Visitor: 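Let me begin by handing over the structure; questions about it come next.
The structure presented is a predicted model; accordingly, all values stated were derived computationally and were not measured.
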Amino acid sequence: RRDLMAETVFLGLRTLPGVSMAAFQAKFGVALPEIFGSQVEKLIKEKLVIVEDGHLRLTPFGLPVANLVFQEFI
């Protein structure tokens with residue numbers, strides 16, 4: 001189950017809209033930050049991701065190092 005959650009996050013981050021926080025919660029019955037809160041906080045501090053309009057997405061700084069961002073969720 002956690003692997004499927006991680007896969008949902010990193011596949012979503014590969015898209016421009018990013019990961020819908022609502023869709024993640026609807027799919028898994030738990031909020032994304034409850035599972036990956038520490039990773040998200042770390043990546044926000046590093047300016048690699050942003051939470052905006054209910055989506056977790058890569059920033060312009062995160063795009064070139066996307067594979068490193070994805071590894072945080074594995």
Visitor: I'd like to check the side chain to side chain donor-acceptor pair (under 3.5 Å) partners of K42; sequence neighbours left out, ordered by chain and number.
Guide: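 Partners of K42 under the side chain to side chain donor-acceptor pair (under 3.5 Å) test: E72.
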Visitor: Between side-chain atoms of residues 59-71 and protein atoms elsewhere (two or more places apart, or another chain), which donor-acceptor pairs fall under 3.5 Å?
Guide:
residue	atom	partner	partner atom	Å
T59	OG1	K47	O	2.6
T59	OG1	L48	O	3.4
T59	OG1	F61	N	3.2
T59	OG1	G62	N	3.1

Visitor: Excluding sequence neighbours, so at least two apart, what forms ring-ring contact (aromatic ring centres under 6.0 Å, His included) with F73?
Guide: F36
Visitor: Look up atom CG in L56 and atom CD1 in I44, then write down how far apart they are to the nearest 0.5 Å.
Guide: 7.0 Å
Visitor: With sequence neighbours left out, what residues match E52 under side chain to side chain donor-acceptor pair (under 3.5 Å)?
Guide: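 Applying side chain to side chain donor-acceptor pair (under 3.5 Å) to E52 gives R57.
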Visitor: Sequence neighbours left out, cut at 3.5 Å: what donor-acceptor pairs do the side chains of residues 2-19 make with other protein atoms?
Guide:
residue	atom	partner	partner atom	Å
T8	OG1	L4	O	2.9
T15	OG1	G12	O	2.6
T15	OG1	G18	N	3.2

Visitor: Return the set of residues passing ring-ring contact (aromatic ring centres under 6.0 Å, His included) with F28 (not counting sequence neighbours), or none when no residue passes.
Guide: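 Partners of F28 under the ring-ring contact (aromatic ring centres under 6.0 Å, His included) test: F24.
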Visitor: How would you list, by chain and number, every residue that makes a side-chain contact (heavy atoms from CB on, under 4.5 Å) with A23, sequence neighbours excluded?
Guide: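 Expected list: S20.
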Visitor: Nearest 0.5 angstrom please: I35 CD1 to Q25 CD, how far?
Guide: 10.5 Å
Visitor: Same cluster or not: I50 versus V40, using hydrophobic residues (I, L, V, M, F, W, Y) connected whenever any side-chain heavy atoms lie under 4.5 Å apart?
Guide: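 They do not share one cluster, since no chain of ILVMFWY contacts under 4.5 Å joins I50 to V40.
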Visitor: Hey, could you give me the CG/NE2 distance between L32 and H55, rounded to the nearest 0.5 Å?
Guide: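 Taking CG in L32 and NE2 in H55, the distance rounds to 11.5 Å.
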